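Each remark here refers to the structure printed beneath this line.
Keep in mind that this is a model prediction, so the values were computed, not measured.
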Amino acid sequence: MKKGIIIAIVVVLLLIVASNSFYTVRENQYACVVEFSKIVATNDQPGLHFKVPFLHSVKYFSSATQLYDIPPSEVITLDKQNMTVDCYVLWEISDPLKFYQTLGSASVAEQRLGDQTYTALKNAMGTLAQADIINMEDGGKRNEIYDGIATTVNEKAVVYGINVLDVKIKRFDLPESNLNAVYSRMISERNQMASKFTADGNYEASIIRNDVDKQVNIMVSNAEAAAAKLEAEGEAEYMRLLAEAYNSQEKKDFYEFILALDALKQSLTGEENTIILDKDSKLAQILAGN
């Protein structure tokens, strides 16, 4: 019984020793074997590897390219204008031994890279005026600035076992306070332009309306004059025709008699009508039977 317990204990101890005698390295990974806080070996070959159990521990670092998105910060241009820059850094661990000895972790490395990148950006942007930065349309010139910043940061990061691959600016803008002032000024300018366009449009519309009103008045006046002329001509023709129709005394007397009959007819349309006629009126003579 005791022998079996001893064997079981030995087996467990062997399993524990065996489990602490090997470590695994994955793709895109550095494995640093540490002995008493000192790296004694590094390995980047994927697979299973041996280490001294209980004496050695393993510290892992990524060997892949890493992206650090630096928080936006303000820089001052050559003409003393504040601008906000938002950028990121692509970096990788080139020497895990130096990296472990100088920094020890990715978070510390990103903090150090952020400080160095900000310093390089501040120095680079301090040589350019704000107008040149905003109007920088030449992509080649912009890439030269990025490459210069990346080179500067990489030269300082080498001592930490870091290789800086690239530095890119995502956004380069005015600070929030200045940005609001610029937006307000732009809105005011657009409102002024809109007011000017509206005033110009109203002026042009008034000219068109006045011209149309003038043309309408001329057309109406011409039409009224033409109508008056036609009416006068009609009246003249009517009088001419009457003069031709009643060009003798008998015809005139007959016309006057017809008119008198029409007047009498119109006056006798009601009831109990009284007609007063002159005794010399031919109509009175006819009614009296003379």
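Taking 4.5 Å as the limit, some side-chain heavy atom of V89 sits within range of a side-chain heavy atom of I70. Side-chain contact between T117 and C87 is present, with heavy atoms from C-beta onward closer than 4.5 Å. Looking at heavy atoms from C-beta onward, K170 lies in side-chain contact with D69 at the 4.5 angstrom threshold. Residues V85 and S73 meet the side-chain proximity criterion, which asks for heavy atoms closer than 4.5 Å.
Applying the side-chain hydrogen bond (donor to acceptor under 3.5 Å, both in side chains) criterion to K122, with sequence neighbours excluded, gives no partner residue. The ring pair (Phe, Tyr, Trp, His ring centres under 6.0 Å) search around F61 returns F99, not counting sequence neighbours. Judged as a side chain to side chain contact (heavy atoms under 4.5 Å, CB included), and not counting sequence neighbours, the contacts of E110 are Y68, W91. Partners of N123 under the side chain to side chain contact (heavy atoms under 4.5 Å, CB included) rule, at least two apart in sequence or in another chain, are T119. Shown here are the side chain to side chain contact (heavy atoms under 4.5 Å, CB included) partners of A226, two or more places apart in sequence or in another chain: there are none. Applying the side chain to side chain contact (heavy atoms under 4.5 Å, CB included) test to A157 and every residue at least two apart in sequence or in another chain returns L113, Q116, I162, V164. Checked against side-chain hydrogen bond (donor to acceptor under 3.5 Å, both in side chains), T65 has no partners two or more places apart in sequence or in another chain. Legend: residues meeting side-chain hydrogen bond (donor to acceptor under 3.5 Å, both in side chains) with E231, ordered by chain and number and at least two apart, are absent. Partners of E92 according to the side-chain hydrogen bond (donor to acceptor under 3.5 Å, both in side chains) rule, which considers only residues two or more places apart in sequence or in another chain, are N163.
Nearest heavy-atom pair, V159 versus K98, reported as atom, atom and distance to 0.1 Å: O-CD, 4.2 Å.
Here side chain to side chain donor-acceptor pair (under 3.5 Å) pairs that include residues 148-162, with residues two or more places apart or in two chains, are R112-Y160.
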Might you work through the side chain to side chain contact (heavy atoms under 4.5 Å, CB included) test for D86 and I169, ending with a clear yes or no?
CA-CA 6 Å; D86 187 6; I169 297 176; over 6 Å; no
Please set out all donor-acceptor pairs under 3.5 angstrom arising from side-chain atoms of residues 186-200, sequence neighbours excluded.
residue : atom : partner : partner atom : Å
N191    : ND2  : I187    : O            : 3.2
S195    : OG   : N191    : O            : 2.9
K196    : NZ   : D200    : OD2          : 3.0
T198    : OG1  : A194    : O            : 2.8

Would you give me the side-chain donor-acceptor pairs under 3.5 Å for residues 209-221, sequence neighbours excluded?
residue : atom : partner : partner atom : Å
N210    : ND2  : S206    : O            : 3.1
N217    : ND2  : D213    : O            : 3.2
S221    : OG   : N217    : O            : 2.8

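Note on L78 and I76: separate hydrophobic clusters, where clusters join Ile, Leu, Val, Met, Phe, Trp and Tyr whose side-chain heavy atoms are under 4.5 Å apart, directly or indirectly. Y118 and L103 fall within the same hydrophobic cluster, where Ile, Leu, Val, Met, Phe, Trp and Tyr residues are linked whenever their side-chain heavy atoms come under 4.5 Å apart, directly or through other members. Put simply, L165 and V158 are part of two different groups of oily side chains (I, L, V, M, F, W, Y) that touch within less than 4.5 Å, one to the next.
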